[in-house]
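Below is one structure; the comments refer to it alone.
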Amino acid sequence: MDAALIAYWVITILLFGVLFALAKNFKMRLWARVLIGLGLGGAMGYAFGGGAEGCADAAACVPASSKFFGDAFVRMIRMLIVPLIFTTLSAGVIAMGDPKRLGSLGGRAISMYLVTTVVAVSLGLVFGLIFQPGVGIDLTTVDVSAIDSVKGKIAQAEAAGGIVDRLLAIIPENPIAALVNTDVLAIIFWAILFGVGILMAGEKAAPVARVMDAAAEAVLKVTELVMEVAPYGVYALMAWVISTQGLDILVNLGKLAAALYLACFVHAIVTYGSIIRFVANLPVVRFFGGIVDAQAVAYSTASSNATLPVTIANVSENLGVEKSIAGSVLPLGATINMDGTSIYLGLIALFASQALGIPLQGTDYLLVALTATLASIGAAGIPSAGLLLAATVLSVFGVTSEQSVLIIALIFPFDRLLDMMRTATNVTGDAAVAVVVAKWEGELDEEIFKAKSVA
Ligand code: ASP
């Protein structure tokens, strides 16, 4: 066996031992262990991969041999999505006691989601103007074989991103099939109606009401159990990403990466920070401290859907958001609210305009903002969904579909590290809105939010 492979596994097993001891003997908090796993995994991926260039052959990459830990972790959290949304949401509706309250809840959540998304797209545009990420990009270097595979992926993403079809699909023809297919919006729709039905049935349905509440509690406990695996899963995912991707992106698309990371930080600190501080009147540091697990899981998986159970658990247990609010606002957010993706789409528009030499005129900015907002709502919470929907945004200022494919194919191989940042931002935005809506609805336990033990 290859010496590097043996060394990698020996060190990995030792590091896992350390992570375990930190939990067992030192009672270190989960969020700190998750962050350590993230850092160690990244460092091991860098050391045992192809260094800065990344492995030429991803399959033969040494750190890729531990990816199955990451995959196992992702499967474990994904397994919680359906039972968690279904039980917390219907139990939540029952706990609200009055179906009419759902209208105000939904209205508030959707308006906040829209406001933050519009701010995000505008930030993307501003950072694109400042950083000029597309200037000096040579589009003739794009690999022709990459173009064909990207074309297929774009077609798939666009088919899944059609707004009208997605709206219709919210009504499940068969709720069981919606559960089986993890069709988040359809499950939300059915769970709300089911909760309303239980309320309307009154005494007769009281046993079902108790079952839903108890089941929601139990599934949250399972989430806690699964999260104990997070430090190892996050380690394995980071080792794989960093080793196979390398840091080439910094050379090839460095300005795009810098603009995205910075814009996401600014959005998190300024936009969400202000919402938490001035709208909800709460301490900002506590907010970020309470959702570190969700951010780390979002960062390492690049999927807000997969992160959803962790977001629900963090927001309800660390930030004191009532289960009913977390269970309704967060699944909706994971599906329609993607601020990191919106920032990215604004940036990509300027990247393309600069790389192709097609300047944006005054109204183009508005059209880009509008289509980027719609595309981010339509994008699924899975890896690279945002990039694959960029063509719609680019088409509004005269970029042909061939040119869009070229731009997307150029970025696609390096997208993962960008995707990780925008997914972490997407999830942070969902959590911020959940906190504010809970505060407005009088369903926020501020004692828990402010508790020292959280962060
Ligand atoms: N991966 C992102 C998410 O899951 C979507 C995107 O590609 O921007 O939230």
Side-chain angles (χ1 to χ4, degrees), residues 70 74 77-78 81 85 113 116-117 120-121 123-124 127-128 150 153-154 156-161 166 182-185 234 237-238 241 245 249 253 256-257 259-261 263-264 267-268 272 291 294-312 329-349 351 371-394 404 407-409 411-434:
V74 171
I77 38 178
R78 291 192 78 91
I81 297 177
I85 303 181
Y113 282 150
T116 53
T117 300
V121 187
L123 258 183
F127 273 72
V150 158
K153 292 192 171 87
I154 293 175
Q156 256 179 10
E158 283 178 350
R166 278 173 66 92
T182 319
D183 199 340
V184 174
L185 288 180
V234 164
L237 287 171
M238 283 303 288
V241 169
Q245 286 258 312
I249 186 170
L253 299 168
L256 181 65
L260 179 74
Y261 270 66
C264 285
H267 190 57
Y272 304 144
I291 53 162
Q295 286 176 321
V297 171
Y299 191 75
S300 53
T301 59
S303 167
S304 27
N305 273 4
T307 313
L308 183 57
V310 188
T311 323
I312 295 181
V329 173
L330 291 170
L332 188 66
T335 334
I336 67 163
N337 182 51
M338 300 198 181
D339 291 356
T341 306
S342 314
I343 293 177
Y344 190 55
L345 289 169
L347 273 174
I348 297 275
F351 178 88
T371 44
T373 303
L374 291 177
S376 77
I377 293 174
I382 54 174
S384 273
L387 175 62
L388 295 170
L389 287 181
T392 337
V393 181
L394 301 186
S404 305
I407 296 281
I408 297 172
I411 303 175
F412 191 72
F414 311 105
D415 191 48
R416 181 74 185 207
L417 281 173
L418 304 177
D419 199 0
M420 290 155 71
M421 187 62 194
R422 50 184 203 263
T423 309
T425 311
N426 292 345
V427 165
T428 309
D430 299 340
V433 170

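Counting starts at 1 for both ligands and their atoms, in listed order. Sequence positions, counted from 1, serve as the residue numbers for this chain.
Judged by distance alone, the side chains of Thr341 and Ser376 never bring a donor and an acceptor atom under 3.5 Å apart.
Within ligand 1, counting atoms from 1 as listed, the ones closer than 4.0 Å to a heavy atom of Ser303 are 4 (O). Listed by number with element, the atoms of ligand 1 under 4.0 Å from a non-hydrogen atom of Gly381 are 3 (C), 4 (O).
Heavy-atom proximity to atom 4 (O) of ligand 1, evaluated over Ala390, Ser304, Gly386, Ala298, is greatest for Ser304.
When non-hydrogen atoms are compared, ligand 1 lies under 4.0 Å from neither the backbone nor the side chain of Asn305. In Ala334, neither the side chain nor the backbone holds a heavy atom less than 4.0 Å from any atom of ligand 1.
In terms of modelled atom types and a separation under 3.5 Å, the side chain of Asn426 and the main chain of Gly340 share a donor-acceptor contact. Judged by distance alone, with hydrogens and angles left aside, the side-chain atoms of Asn305 form no donor-acceptor pair with the main-chain N or O of Ile382 at under 3.5 Å. Ser303 places a side-chain N or O within 3.5 Å of a backbone atom of Gly381 that can act as its donor or acceptor partner.
When all heavy atoms are compared, the tightest approach of His267 to Ile343 is CB-CD1, 3.8 Å.
Looking at Ala380 next to ligand 1, no N or O pair under 3.5 Å apart turns up.
Close to ligand 1: Ala385, with a non-hydrogen atom less than 4.0 angstrom away.
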